[in-house]
Amino acid sequence: MKKIRRFFERVVEGGFLVSSTVTTLAVFFIIFFLFKEGLGVFNERPTEPKYVLIAHNSNKVDKLTSAQVKDIYDQNITNWKSLGGANDSILLFSIDDLLNVYTEEELGPELEYVGEKINAYISERPGIIAFIPVSYIPSKEFSGKEIILDRISIKDFFLGREWFPTAVPAAQFGVLPLILGTLWVSLFAILIALPIGLVTAIYMAEVAHPKARRVLKPLIELLAGIPSVVYGFFGLVVLVPLIQNVFNLPVGETALAGSLILAVMALPTIITISEDALRTMPVSLKEASLAMGASRLQTLVRVTIPYAKSGIIAASILGIGRAMGETMAVLMVTGNASIMPESLLEPVRTIPATIAAELGEAPHGGVHYKALFALGIILFVITFGFNLIVASTRRKNKAA
Amino acid sequence: MIMKTKKQINQNIAFWIFRGISFLVVTILFVILGFIILRGFSALNWTFLTSMPEDGMTKGGILPAIVGTLCLIVGSIIFAFPIGVMSAIYLNEYLKESPLKRFLRTMTENLAGIPSIVFGLFGMAFFVNTLEFGDSIIAGSLTLGLMVLPVIIRTTEEALKSVDKSLHVASYALGASKMQTIRKVVLPVAFPNILTGLILSVSRVSGETAPILFTVAAYFLPHLPTSIFDQVMALPYHLYVLTTSGTNIEESRPMAYGTALVLILIVLIVNLLANAIRSHYGKKVKMK
C-alpha cells in the first residue's frame, strides 16, 4: 500500500517539477520567436511585392536605398548625377501614367500590348525610372533593367527618421520617431505620476489614519485593475475633447493626452511599491529620530525617505516600464502620426501602439511584418532591461 | 494657548498637502468610474446583455462579446491555474534556497514584466502560425494564460508562505509525508489567498486587449462559438472597435458606454470578492 502511494506521490511531484519549468520555457520561447521574425527584417528589401523599379539599360545606377527612392519620388533628387549616374534629369513614371500616354486601343482590349508599349516608352527615355508590375515585363529584349533596392540596414532602421511602411515604391522603416515618441510620452507621464504617487505613498505609509489606509489600499488596487481599453475610452471621450478646447487645437489627440492617461495608469504601480519600501523601515530608526526631537515631517524627510530611496527608485523604473509597454490606452488617445515628436500638443506614435495598429494589415512574413517584430524586440529589450535593473538593485539591497 | 512652533506649522502644511494629493488620486478614480457608470447605466439592460449586435453595432446587445470573454477566461484559467499552483508549490515546498530557486523566481518575474503586446506578438507567431491553430479560442487562451501565469504563481507563493511553519512541523511529527502535508494541511489553509489570486487573474484576462488582437478577436461574428478553433468576440476588443473603427462611431456610443460599464463591473465585483475573502480569512496577501 505504502509503495503505491509513494509511486503516485512521485508522479505528482514530477508534475510539480515540470510545471515550474513552464515560465522559464515561455520566456525562452518568446525571446526565440521575437528574434527569429524580427531580425529577419535586416535581410529584407523594402519593395512592394510583384512590382519592380525599372531604369534604362544604359543607366549606370542599378542599386538604390529606400531613402533615395523616396527622395526621388518626392522630387528632392532630380538628376541621376547625384546618384552616381549620368547627367540626366530623372523622369518619373508609374503604371498609372500609361493611360495618359497611350489610348485604350493601343494597349489592347485585354491589355496584351501593354508590355510592348512600356518597352518602347522606356527605350526612348534614358533618364526614366519606372515603377511597374512584374507581369508587364516582356520576356524578350527588354530595354530596361531592374533597380535592386538595398536591404534594410541596421543604421537605416534605428536612425531612420521616417516610419512609412506603406510608401510606394519603397517602404520606409525608420524607427527613430517611434522610439522618441515612446520615450516622450512615457517620460512626461512619469514626471506627472512620480510626485503624485510618491506623496500618496508617503501619506498611506506614514501620515494616514489606519482606517484611512484601509480604505485607500483597495481603492488603489481598483485603479490598477481598470483595463487599458477603458482608460483609453475615457481618455478619448473626455480628455481629448478637453485638451482640444483648452489649447485650441485642430485635434485633441496629442502626446499630452497620452501622458496624462499613462500617468494615471502608472500611479498604482508607483504607489504600491513605494509604500512597501517606506513600510520596511525598522521602527527603531523612526523612534530614534523622534526621540531626538525631530517632528514627524523631519523624520520622514531625513530618515525614512533616504532609507527607502532604492525602493522608490525601483518604483519609478517599474512605472516607466509599465508606461512604455502600454498599448491600447495610448493607441486610442495619441493619434496616428508616426512623426518625430516636437511638442506635447501634437499627435505622436509609440512602439506598442504601432505594433497594435499595423500588425493586422501587414502581410504575413513580409517586410512590414518582420519590421513590427523588430519593434517588438526593441520594446522587449527596453522593458526587460528595466526589470533586470530593478531586480539587481533589489538583490544588492537584500545583501546589504 | 498652544504655541505652534515653525516646525509644527511646516508639518501641518505638508501633511495637509499630502492629504490633498491623495484625495486627488481618489477623485480621479471616482471621476473615471462615475463617468462610465453614469453614462453606461442607461444602456445596461437584459436585452443588452443577451442579444446579438444589430444595425452596424448601434442597436442590440453584446452577447457574443460576453460569451467570448467567458470562453477566454475559462480557457486561460484551465491552462494557467494548475500549472501556476503546481509551480508555486514546487518552488515553495520542495526547493531549498539555491541558485536554481532564484533563477526560477527571476524567470517568473521576467515573464510578469513583459508588455501585453509582446505576448500578442508571440501568441500570433507561435500559436496562430507555427502551431497552426489559427485565430482561435485556444490560441487566445494560451496567450492570455501565459500572461496571467506569473500572477497566479506569485499570489499562490505568497499564500503558501503565509501558512505557519508550525503546521508543517506538526504534520510531519504525526507521520505524514510531504505530499499528504501539502494536500491536507497547507493547501486548505492557503486556499482563500490562492482563490483571491485566481479571481484577480480572471479580472485581468477579461480586460486585456493586446494579447487577443491577433490571436482570437473578431470584429463581428453572427453566431456564437462552437469549437475551440473558432474565432470569438471579446469585451475589451469590442469596446475598442466601437470607439475607434465602427462605421457609426457616434451612434454606437451608447453601446460603447455599456460595454465599458460591463468591464468596470467585472473589475469591481472581483475586487469586492477579493477583499471580502481576504478580510474574512484574516491573512493579507501582498499585491504588486
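Naming convention: chains lettered A, B, ... in sequence-line order (proteins, then strands); numbering from 1 in each chain.
- Heavy-atom pairs under 4.5 Å with chain B peak, among A:Met332, A:Glu13, A:Arg5, A:Arg6, at A:Glu13.
- If you measure heavy-atom distances from B:Ile28 to chain A, the contacts under 4.5 Å come from the side chain alone.
- Closest approach of B:Pro236 to B:Gly207, counting heavy atoms only: CB-O, 3.4 Å.
- Considering only heavy-atom pairs separated by less than 4.5 Å from chain A, the leading option among B:Asn110, B:Leu213, B:Leu104 is B:Asn110.
- For the set A:Val230, A:Leu372, A:Leu388, the count of heavy-atom pairs under 4.5 angstrom toward chain B peaks at A:Val230.
- Neither the backbone nor the side chain of B:Phe23 comes within less than 4.5 Å of any heavy atom of chain A.
- Residue contact with chain A, scored on non-hydrogen atoms closer than 4.5 Å, is absent for B:Arg204.
- Proximity to chain B (any heavy atom under 4.5 Å) is restricted, for A:Leu236, to the side chain, taken from C-beta onward.
- The residues A:Glu221 and B:Arg278 are annotated as salt-bridged, a charged nitrogen and a carboxylate oxygen being separated by less than 4.0 angstrom.
- Contacts between A:Phe8 and chain B at a heavy-atom distance below 4.5 Å are absent for every atom of the residue.
- Ion pairing of A:Glu9 with B:Lys178 is absent here, as no side-chain N (NZ or NE/NH1/NH2) approaches a carboxylate O to less than 4.0 Å.
- Contact annotation for B:Asn129: only side-chain heavy atoms (C-beta onward) come within less than 4.5 Å of a heavy atom of chain A.
- B:Ile21 touches chain A through backbone and side chain together, each having a heavy atom under 4.5 Å away.
- Heavy-atom minimum distance, A:Gly225 versus B:Ser203: O-OG, 4.4 Å.
- Between chain B and the residues A:Val237, A:Val264, A:Leu300, the most heavy-atom pairs under 4.5 angstrom are made by A:Val237.
- Of all non-hydrogen atoms in B:Leu263 and B:Ser206, the two that sit nearest each other are CD2-O, 3.5 Å.
- For the pair B:Leu239 and B:Ala256, the tightest heavy-atom approach, listed with the atom from each and the gap, is CD1-O, 3.3 Å.
- Only the side chain of A:Leu267 comes within contact range of chain B, judged by heavy atoms closer than 4.5 Å.
- Looking only at heavy-atom pairs under 4.5 Å with chain B, the residue among A:Gln298, A:Met204, A:Glu206 that has the most is A:Gln298.
- Proximity to chain B is limited to the side chain of A:Ile220, based on heavy atoms less than 4.5 angstrom apart.
- More than 12 heavy atoms of other residues, nucleotides or ligands lie within 6.0 Å of CZ in A:Arg213, so this atom counts as buried by the packing criterion.
- Annotation for A:Phe29: atom CZ does not count as buried by contact number, only 12 or fewer foreign heavy atoms lying within 6.0 Å.
- In this structure, the portions of B:Ala125 lying under 4.5 Å from any heavy atom of chain A include both its backbone and its side chain.
- A:Thr350 and A:Thr182 share no side-chain donor-acceptor pair at under 3.5 Å.
- The candidate with the highest count of non-hydrogen atom pairs below 4.5 Å against chain A, out of B:Ala210, B:Gly84, B:Pro115, B:Ser22, is B:Ser22.
- With a 4.5 Å cut-off on non-hydrogen atoms, A:Leu223 touches chain B through its backbone and its side chain both.
- Both the backbone and the side chain of A:Ala356 come within contact range of chain B, judged by heavy atoms closer than 4.5 Å.
- Using modelled atom types, one side-chain atom of B:Thr69 and one backbone atom of B:Leu235 make a donor-acceptor pair closer than 3.5 Å.
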Exercise for review: Could you give me the CA-CA distance, side-chain angles and deciding distance for A:Ser228 and A:Thr327, then say whether side chain to side chain contact (heavy atoms under 4.5 Å, CB included) is met?
Suggested key: CA-CA 8 Å; A:Ser228 182; A:Thr327 316; 5.8 Å; no

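- A:Leu375 does not touch chain B: none of its heavy atoms, backbone or side chain, sits under 4.5 Å away.
- Of the two parts of B:Leu121, the backbone and the side chain both hold a non-hydrogen atom closer than 4.5 Å to a non-hydrogen atom of chain A.
- Neither the backbone nor the side chain of A:Val18 comes within contact range of chain B, judged by heavy atoms closer than 4.5 Å.
- Contact of B:Glu93 with chain A is not made at all, since no heavy-atom distance falls under 4.5 Å.
- In this structure, a donor-acceptor pair under 3.5 Å is absent between the side chains of A:Thr334 and A:Glu253.
- Heavy atoms closer than 4.5 Å to chain A are found in the side chain of B:Leu33, but not in its backbone.
- The choice from A:Val215, A:Asn387, A:Ile196, A:Leu359 that makes the most heavy-atom pairs within less than 4.5 Å of chain B is A:Leu359.
- In this structure, the portion of B:Ile36 lying under 4.5 Å from any heavy atom of chain A is its side chain and not its backbone.
- For B:Tyr237, no part lies near chain A; criterion is any non-hydrogen pair under 4.5 Å.
- The two residues B:Ala176 and B:Thr181 make their nearest non-hydrogen contact at CB-OG1, 3.9 Å.
- Here the CG atom belonging to B:Leu142 is positioned 11.5 Å from the CG atom belonging to B:Leu149, to the nearest 0.5 angstrom.
- Highest contact tally toward chain A, considering only B:Gln8, B:Gln11, B:Arg39, B:Met107, is held by B:Gln11 [criterion: heavy-atom pairs under 4.5 Å].
- For A:Ile202, the part lying under 4.5 angstrom from a heavy atom of chain B is the side chain only.
- Only the backbone of A:Ala294 comes within less than 4.5 Å of a heavy atom of chain B; no side-chain atom from C-beta onward does.
- Salt bridge status for A:Glu275 with A:Lys217: present, with a side-chain N to carboxylate O gap under 4.0 Å.
- For A:Phe32 and A:Phe28, the ring centers are positioned 6.0 Å apart or more.
- At a 4.5 Å heavy-atom cutoff, the contact between B:Thr130 and chain A is made by side-chain atoms alone.
- Interface remark: B:Ile32 contributes backbone and side-chain atoms alike to the contact with chain A (heavy atom separation under 4.5 Å).
- Between chain A and the options B:Leu29, B:Val270, B:Leu146, heavy-atom pairs under 4.5 Å are most frequent for B:Leu29.
- Each of B:Tyr240, B:Phe30, B:Phe103 has some count of heavy-atom pairs under 4.5 Å with chain A, and the biggest count is that of B:Tyr240.
- Ranked by heavy-atom pairs shorter than 4.5 Å toward chain B, the options A:Phe373, A:Phe384, A:Phe233 are led by A:Phe233.
- A salt bridge is defined here as a Lys NZ or Arg NE, NH1 or NH2 lying under 4.0 Å from an Asp or Glu carboxylate O, and A:Glu326 with A:Arg322 meets this definition.
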Check your understanding: Are A:Ser19 and B:Ser87 close enough, and set up right, to give a side-chain hydrogen bond (donor to acceptor under 3.5 Å, both in side chains), and what steps lead you there?
Key -> CA-CA 5 Å; A:Ser19 298; B:Ser87 298; 4.8 Å; no

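- The two residues B:Val151 and B:Ser201 have their closest heavy-atom pair at CG1-OG, 3.9 Å.
- Heavy atoms of B:Ile153 lying under 4.5 Å from chain A belong exclusively to its side chain.
- At least one donor-acceptor pair closer than 3.5 Å links the side chain of B:Gln180 to the backbone N or O of B:Ser177.
- Only the side chain of A:Thr383 comes within contact range of chain B, judged by heavy atoms closer than 4.5 Å.
- Neither the backbone nor the side chain of A:Ile377 comes within contact range of chain B, judged by heavy atoms closer than 4.5 Å.
- Contacts of A:Tyr369 with chain B are made by side-chain atoms alone, with heavy-atom separations under 4.5 Å and no backbone atom involved.
- At most 12 heavy atoms of other shown residues, nucleotides or ligands fall within 6.0 angstrom of atom NZ in B:Lys184.
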